[in-house]
Amino acid sequence: MLQVQFIREEKERIIKGLAKRGWEASKMNILDEIISLDDKRKSLQTQNDQFLSQINAKSKEIGELFKSGNAEKANEFKGEVSALKIKTGDLEAEMKKVQEMLNESLYQVPNVPNELVPNGQTDEDNEVFKALEGALPDLGTDAIPHWELAQKYSLIDFALGVKITGAGFPVYMGKGAKLQRALVQFFLNEASDAGYLELNPPFVVNEASARGTGNLPDKEGQMYHCTTDNFYLIPTAEVPVTNMHRAEIIAQADLPKKYTAFSPCFRREAGSYGADVKGLNRLHQFEKVEIVQMVHPDKSYEVLDQMLAHVEGLLKKLELPYRILRLCGGDLSFASALTYDFEVYSAAQKRWLEVSSVSNFETFQSNRMKMRFKDTEGKKSLVHTLNGSALALPRIMASLIENNQTSDGIVIPEVIRKYTGFDIIN
RNA sequence: GGAAGAGUGGCAGAGCUGGUUGAAUGCACCGGUCUUGAAAACCGGCGUGCGUUAACGCGUACCGGGGGUUCGAAUCCCUCCUCUUCCGCCA
């Protein structure tokens, strides 16, 4: 959520940014509404504080009057205070209402895209930031897609998952399960080596955490909700990990905070259909290793580059054909200022699959969850938050087994053989 | 799940027979004096949000969360959450 102060000072810049996201001119007046609601809020508080001040002074006097035995005078004052209390009661109710309206409006405004974000409405307008090095892999006509490979080598049973739960909940088995576990190990170790503190967070969060990262109210229908306890299954480890420092003030010396966490991710994916959901392409439950950083505002874009380099390093080591996209305004997620997507080419499906999304949220998340740092002079400011997948498992699995299929079987990439314990699936 | 107790500032820990208590005291931390330097000692500072102000400052709210009683609540009442101990149950 944007800061009202920022909206006041940079309205023109925000309007330009929102236009890049495809906002129509008619929607922009929400910014003026926010400013006017905030003005209203301030003026109400000023009035209310004055009444409260009077009440406090009078109450103190009453105490002194009782002590000195002047009960008559004290009782007279009591009536005056009661009258003031009715006024403050009304003012407070109104303030609460205004504050709620203000919050509702603020929740509707997405983050302002960075200057680097290209114009465009759909994923077709995304900019190829780094193209595939070399030619697209050609596996010939015998190549089969991963869902057939999964069946051929008994790696994943989709139908069994349907029986146990439903579509989108596959059962990994044998070398399929081991390969996935090996990849997780590899990703976590790489992240640790890069200085990220490994966490094993809760996979279920409370409402406050879901709000902190903006999953509520923005994407309410996308999460599985345990209504009995009012908990949510996490759609990504970003949620529990980013909330670690919610409503905290971090010493500047303790920045940056670098965390990595493995977690299953649960997504309802309401509205998905077609080829997108075939095989491992889109699931309701999948595994992912996430990297998250909380950093000094001056450093966040430098850090974004470092995170890109980290993810790129993983794909290189796995020897997968990849490219990097810079998301256009229309495709940028609500909270992000700048996002890079990594796509891996899945050679049998002959399509690009998104395996990672690395974003800088600047202060959008930290403002909502009041995550600040104190600099050496004692001044408090919001931190910048960033996160990225490093990496999401299913599509890595899909492209890996597709690209590495040979007439002898599926060849395991060199770097993960020490984790799998085998070098071929046949 | 049942019973009892407890949740106060970075930490420890008073206050809890309602009335200058945003909150004693100690530790930690920051600045200063002293010292060749360090330590010790001494002096001073040391929470957060909001409002207001050019600024110093002033006002207001916050003692787990929410609500209530009262002229006035950290202090009384209700409720929820969390922790500790005991019992029960169980990976």
Side-chain angles (χ1 to χ4, degrees), chain A residues 1-9 34-106 200-212 216 226-232 240 243-255 257 264 294 363 365-383:
Chain A
M1 142 172 112
L2 298 179
Q3 297 171 90
V4 179
Q5 181 71 7
F6 177 65
I7 296 174
R8 286 178 187 277
E9 287 168 4
I34 286 169
I35 291 170
S36 112
L37 282 167
D38 193 51
D39 286 339
K40 186 86 187 284
R41 191 200 104 248
K42 286 182 177 183
S43 114
L44 286 170
Q45 189 181 336
T46 305
Q47 289 177 55
N48 193 42
D49 280 358
Q50 281 168 5
F51 285 127
L52 288 173
S53 178
Q54 287 177 41
I55 289 173
N56 287 338
K58 276 272 191 301
S59 297
K60 202 177 282 182
E61 273 188 69
I62 291 169
E64 279 156 18
L65 286 169
F66 272 122
K67 265 185 201 163
S68 61
N70 194 344
E72 201 176 316
K73 185 84 177 165
N75 283 321
E76 188 186 320
F77 276 14
K78 275 194 193 180
E80 291 179 29
V81 175
S82 295
L84 284 169
K85 279 203 73 175
I86 293 169
K87 288 189 186 172
T88 61
D90 292 347
L91 280 172
E92 268 164 29
E94 199 178 343
M95 259 182 358
K96 196 173 169 187
K97 209 167 70 191
V98 170
Q99 184 67 56
E100 273 166 17
M101 286 165 71
L102 178 59
N103 284 343
E104 259 173 53
S105 298
L106 282 169
N200 190 338
F203 302 147
V204 178
V205 296
N206 59 28
E207 190 179 326
S209 293
R211 259 173 215 293
L216 287 178
C226 311
T227 52
T228 308
D229 299 294
N230 197 25
F231 288 153
Y232 292 86
N243 273 284
M244 295 231 311
H245 298 290
R246 185 176 72 225
E248 283 184 12
I249 299 174
I250 305 167
Q252 185 173 331
D254 292 335
L255 295 178
K257 294 281 187 188
M294 294 99 178
T363 59
Q365 290 182 326
S366 60
N367 182 44
R368 187 177 292 202
M369 61 175 90
K370 302 299 171 225
M371 187 173 5
R372 290 162 296 164
F373 73 98
K374 191 188 269 190
D375 68 22
T376 44
E377 275 147 26
K379 189 168 167 285
K380 290 169 286 290
S381 321
L382 296 167
V383 300

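Keep in mind the model is a prediction, meaning the values are calculated, not measured. So you know, we letter chains A, B, ... as the sequences are listed, proteins then strands, and number each from 1. Worth knowing before you read on, the calculation uses all heavy atoms, side chains too, and leaves out hydrogens, waters and symmetry mates.
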Verify the contact: side-chain N or O of [X] to OP1 or OP2 of [N], cut-off strictly under 4.0 Å; return yes or no.
| X | N | result |
| --- | --- | --- |
| A:Asn56 | B:rA61 | yes |
| A:Arg41 | B:rG51 | yes |
| A:Arg372 | B:rU48 | no |
| A:Asn48 | B:rG51 | no |
| A:Lys374 | B:rU48 | yes |
| A:Ser53 | B:rG59 | no |

Rounded to whole angstrom units, what separation is found between the [atom1] atom of [X] and the [atom2] atom of [N]?
| X | N | atom1 | atom2 | value |
| --- | --- | --- | --- | --- |
| A:Gln3 | B:rG49 | CD | P | 12 Å |
| A:Glu207 | B:rG66 | CD | C1' | 14 Å |
| A:Gln252 | B:rC29 | CD | C1' | 17 Å |
| A:Gln99 | B:rG51 | CD | C1' | 13 Å |
| A:Lys370 | B:rC62 | NZ | C1' | 16 Å |
| A:Ile250 | B:rG10 | CD1 | P | 15 Å |
| A:Asn230 | B:rG65 | CG | C1' | 15 Å |
| A:Lys40 | B:rG51 | NZ | P | 16 Å |

Within 6.0 angstrom of A:Lys96 NZ, more than 12 heavy atoms from elsewhere: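 12 or below, so no.
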Per nearest nucleotide of RNA chain B, the residue lying toward the 5' end, A:Ile55 or A:Gly63, is A:Gly63
5′-ward residue of the pair A:Asp49/A:Val81 relative to RNA chain B: A:Asp49
Answer yes or no: is there an ion pair linking A:Lys73 with A:Glu61, defined by an N-O contact shorter than 4.0 Å?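 Looking at A:Lys73 and A:Glu61, the cut-off is not met.
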Any salt bridge between A:Arg41 and A:Asp38, counting N to O under 4.0 Å?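 Yes, this pair counts.
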[N] versus [M] - spacing of their [atom1] atoms, nearest Å:
| N | M | atom1 | value |
| --- | --- | --- | --- |
| B:rC42 | B:rC81 | C1' | 46 Å |
| B:rC29 | B:rC83 | C1' | 28 Å |
| B:rG15 | B:rG1 | P | 33 Å |
| B:rU20 | B:rG68 | C1' | 26 Å |
| B:rA14 | B:rC89 | C1' | 40 Å |
| B:rG13 | B:rU21 | C1' | 16 Å |
| B:rC50 | B:rG45 | C1' | 24 Å |
| B:rA74 | B:rU60 | P | 14 Å |

Using modelled atom types and a 3.5 Å cut-off, is there a donor and acceptor pairing between side-chain atoms of A:Asn367 and backbone atoms of A:Met1?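 Checking the backbone N and O of A:Met1 against the side chain of A:Asn367, a donor-acceptor pair under 3.5 Å is found.
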A:Ser105 side chain to A:Met101 main-chain N or O, any donor-acceptor pair under 3.5 Å? yes
Pick base, sugar-phosphate or nothing for [X], based on heavy-atom distances below 4.0 Å to the nucleic acid.
| X | answer |
| --- | --- |
| A:Ile62 | base |
| A:Lys85 | base |
| A:Lys58 | nothing |
| A:Ile249 | sugar-phosphate |
| A:Asn75 | nothing |

Does the side chain of A:Ile7 come within less than 4.5 Å of A:Leu106's, by heavy atoms? yes
So which nucleotide does [N] pair with, by the Watson-Crick or G-U wobble rule with both distances under 3.5 Å?
| N | value |
| --- | --- |
| B:rA40 | none |
| B:rG88 | none |
| B:rA24 | none |
| B:rA61 | B:rU48 |
| B:rU82 | B:rA6 |

Nearest to side-chain heavy atoms of A:Leu52, which nucleotide of B:rU60, B:rU48, B:rG72: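 Of the options given, the side chain of A:Leu52 lies nearest B:rU60.
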Per A:Lys42 side chain, nearest of listed nucleotides B:rU60, B:rC71, B:rG51: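 Closest of the options to the side chain of A:Lys42: B:rG51.
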How far apart are the closest heavy atoms of A:Arg246 and A:Ser209, and which atoms are they?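 Shortest heavy-atom separation between A:Arg246 and A:Ser209 comes out as NH1-OG, 2.9 Å.
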Taking all non-hydrogen atoms of both residues into account, name the closest pair between A:Lys78 and A:Ile62 and its distance. N-CD1, 3.9 Å
